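Comments concern the structure below.
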Amino acid sequence: MQFDTSYFDAGIDRIGTNSEKWDDEAICPKGHVPLWVADMDFACAPAITQALAERAQHASYGYTFAGPEDTGAVRAFWQRRHGVQLADEEVGLLPSVVSGLRVCVDVLSKPGEGVIIQSPVYGPFFASVRDQDRQVLDAPLLRGTDGRYTMDLDRVEQHLKAGARLMILCNPQNPVGRCWQREELEALSALLNRYGCALVSDEIHADFVYKPHRFVSLLTLDSPPQQLVVLAAASKTFNVAGLQQSSLLCRDRALMDSMSAALNRHGVMAGNIFALAATRAAYTACDDWLDGLIAYLDGSREVLREALARLLPEAKLTPIEATYLAWVDMRAYGLTNEALYQRCMEAGVVPTNGTFFGQESGEGFLRINFGCPRSQLLAGLERLAKAVKG
Ligand SMILES: Cc1ncc(COP(=O)(O)O)c(C=O)c1O
């Protein structure tokens, strides 16, 4: 099968499947164009569907454990695609990256302590910290005149001086689309190591990087953080988030044991039969689908850039180095986020409100998910232009 433009242009009808993106009426009323939550409107790779169908055919769905072929598939994929070498004991499986974030906060910090994050960033980073009685220590990213964001290491250091011992990084970054470079990550790691601060690197968007950029995992640094946990998943890459499986990658055996103990304590188990079968297939037999997808999304970046310039010339598109999410500065139109979002709803388009990623750093911004057929993206952008122009 060819995973070319026409394959991805065809998309897939998800209405009526309890799709969070399409069917949650409170967020996306019928007829609206959804450009919000980060999953994609493409059929997943046929090898995944086949693996699920084969497993479903065998009418035995009892308690199941993840075996070496499951961790092995994760290891082989990360070695092949990202040059990360891992031993079997360095890979743990868990239901979702967000459950991993929460366990990391539990194990690597204490109630009352601060945890460093860099807004604007994926909303559940805030909740993973706050819900467990820790404090968010924000070191907001700096936005350059070209709209490209960089890390504010001085601000990170202020928090370290004040005692922070855990940081959560989004690599590559959702929503600002940065693919952090090796030098930036080495500098961050050196700083964290000076203060004995642990790092959790959420690398769920690792596979969505556009040339000439190259994804750099924290696990490949010359001097990685002394305490490092990487969270990864096939869920975004292969569009199987509904199956709920992710991986925790950690070279520190004692830390890995603590993570496993914490997962057990909370009764969090991986071993969903279908998620295991689908993830094995995704990591072993779907590279051609993934390569086709990245080529399509790369082209969609251009479609988006061109359409925004034409329809909303005052909107500033943040350079997209990675992810299928566009971070758009709408401040020139002088609307509050509340008003802008309200108008979007009236015009029948659903982007993600920028403030989901940080009250201050998201004000005036919208996030647009372009992981969909280009016809859907263009229809949504036309409605967005109508919304803004009133
Ligand atoms: C940075 C980041 N981490 C985690 C998640 C969610 O992962 P999961 O569904 O495995 O909890 C997302 C989803 O958008 C994300 O963007």
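By convention here, the first residue in the shown sequence is residue 1. Indexing begins at 1, ligand by ligand and atom by atom, following the structure's order. Just so it is clear, the model here is predicted, and its values are computed rather than measured.
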Q.
Please report whether the ring centroid of Phe274 lies less than 6.0 Å from that of Tyr61.
A.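 Close enough - the centres of the two rings lie under 6.0 Å apart.
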
Margin query: Less than 6.0 angstrom separating the ring centers of Phe208 and Phe215, yes or no?
Written below: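 Centroid separation for Phe208 and Phe215: 6.0 Å or greater.
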
Are [X] and [Y] ion-paired here, with the side-chain N under 4.0 Å from a carboxylate O?
X: Glu89; Y: Arg253; result: yes
X: Glu90; Y: Arg251; result: yes
X: Glu346; Y: Arg343; result: no

[atom] - nearest protein heavy atom and its distance:
atom: atom 6 (C) of ligand 1; result: Tyr122 OH, 3.3 Å
atom: atom 10 (O) of ligand 1; result: Val97 N, 2.8 Å
atom: atom 3 (N) of ligand 1; result: Asp202 OD2, 2.6 Å

Under 4.0 Å from any heavy atom of [X], which atoms of ligand 1 are there?
X: Lys236; value: 12 (C), 13 (C), 14 (O)
X: Asn174; value: 15 (C), 16 (O)
X: Val98; value: 11 (O)
X: Ala38; value: 14 (O)

Check: What part of Ile204, side chain from CB on, backbone N/CA/C/O, both or neither, has a heavy atom under 4.0 Å from ligand 1?
Finding: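 Only the side chain of Ile204 comes within reach of ligand 1.
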
Check your understanding: Where's the contact between Ser96 and ligand 1, heavy-atom distance under 4.0 Å: side chain, backbone, both or neither?
Key ->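 Both parts.
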
**Prompt:** Going from CG on Leu188 to CD on Gln118, what distance comes out if it is rounded to the nearest 0.5 angstrom?
**Reply:**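 It comes to 6.5 Å.
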
Taking the non-hydrogen atoms of [X], is any one of them nearer than 4.0 angstrom to ligand 1?
X: Gln245; value: no
X: Cys170; value: yes
X: His205; value: yes

Would you call the rings of Phe238 and Tyr283 parallel, tilted or perpendicular, where under 30° means parallel and over 60° means perpendicular?
->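 Judged by the thresholds at 30° and 60°, the geometry between Phe238 and Tyr283 is perpendicular.
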
Margin query: Within the supplied structure, the quantity of interest is the number of heavy atoms (other residues, nucleotides, ligands) at a distance under 6.0 Å from Glu25 CD; does it exceed 12?
Written below: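 More than 12 within 6.0 Å, yes.
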
